[in-house]
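Report on the structure given below.
Because the structure is a prediction, the values reported are computed rather than measured.
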Amino acid sequence: QVRLVESGGGLVQAGGSLKLSCVASGSISSVKSTGWYRRPPGKQRELVATTSTGEGADYANSVKGRFTISGDSAKKTVYLQMNTLKPEDTAIYYCNVEGWDSRGTFGAYWGQGTQVTVSS
């Protein structure tokens, strides 16, 4: 089984920064992609940033130039550095990993989410 745990969320003033972390546990034989999604209050979940193995990152237009996705394979951790935060960035942020487990089953795995609140 694969488990993802996000951390690093909190309350920050507009213009501030936060760095989210997503730590994976359990065996994944092959990773297709990793990413961050968010669900603003009263809205549907939306893409923030994704990256595929051997490829560059893709960002939502609303966060380009402000957010950066990165990872540390040795620590099994995915990060989301968020700078110049805006009130509209307020949302629950979710980590996502797509890949195959040790038994060859493909799946999309999600964390429980971490709340980011940006005050004006």
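- The distance from the CZ atom of R38 to the CE atom of M82 is 9.0 Å, given to the nearest 0.5 Å.
- For S25, the side-chain contact (heavy atoms from CB on, under 4.5 Å) partners are R3, not counting sequence neighbours.
- A donor-acceptor distance shorter than 3.5 angstrom exists from the side chain of E6 to the backbone of G113, with no hydrogens or angles considered.
- Side-chain atoms of W36 and V78, non-hydrogen and from C-beta on, do get closer than 4.5 Å to each other.
- In this structure the side chain of I92 never reaches within 4.5 angstrom of the side chain of R45, judged on heavy atoms.
- A donor-acceptor contact shorter than 3.5 Å is absent between the side chain of T90 and the backbone of E88.
- The hydrophobic cluster containing V31 does not contain Y94, counting ILVMFWY residues as joined when their side-chain heavy atoms lie under 4.5 angstrom apart, directly or transitively.
- To the nearest 0.5 Å, atom OG1 of residue T51 and atom CG of residue D58 are 9.0 Å apart.
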- Yes or no on side-chain hydrogen bond (donor to acceptor under 3.5 Å, both in side chains) for S119 and Q13, after CA distance, side-chain angles and deciding distance? CA-CA 5 Å; S119 62; Q13 286 195 322; 4.8 Å; no

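- From Q112, atom CD reaches atom SG of C95 across 9.5 Å, with rounding to the nearest 0.5 Å.
- Taking CG of L20 as the start and OH of Y79 as the end, the distance is 12.0 Å to the nearest 0.5 Å.
- The backbone N or O of L11 sits nowhere less than 3.5 Å from a side-chain atom of T117 that would complete a donor-acceptor pair.
- For the atom pair CD1 (I28) and CZ (F106), the distance works out to 10.5 Å, reported to the nearest 0.5 Å.
- Taking 4.5 Å as the limit, some side-chain heavy atom of V97 sits within range of a side-chain heavy atom of L4.
- Hydrophobic clustering, with ILVMFWY side chains joined whenever heavy atoms are under 4.5 angstrom apart, groups V63 together with L85.
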- Task: Apply the test side-chain hydrogen bond (donor to acceptor under 3.5 Å, both in side chains) to residues T77 and D72: give CA-CA distance (whole Å), side-chain angles for both, the deciding distance (0.1 Å), then the verdict.
- Result: CA-CA 5 Å; T77 303; D72 186 332; over 6 Å; no

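- Once rounded to the nearest 0.5 Å, the distance linking CG of N96 with SG of C22 reads 8.5 Å.
- In this pair, Y93 and F67 present their aromatic rings tilted. The plane angle is within the 30 to 60° band.
- Taken together through direct or relayed side-chain contacts under 4.5 Å among Ile, Leu, Val, Met, Phe, Trp and Tyr, I69 and V48 form part of one hydrophobic cluster.
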- Checking salt bridge (Lys or Arg N to Asp or Glu O under 4.0 Å) for the pair E46/R39: CA distance, chi angles, key distance, verdict? CA-CA 6 Å; E46 63 186 27; R39 188 176 70 223; over 6 Å; no

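- Of the possible donor and acceptor atoms, one in the side chain of T114 sits under 3.5 Å from a partner among the backbone N and O of G9.
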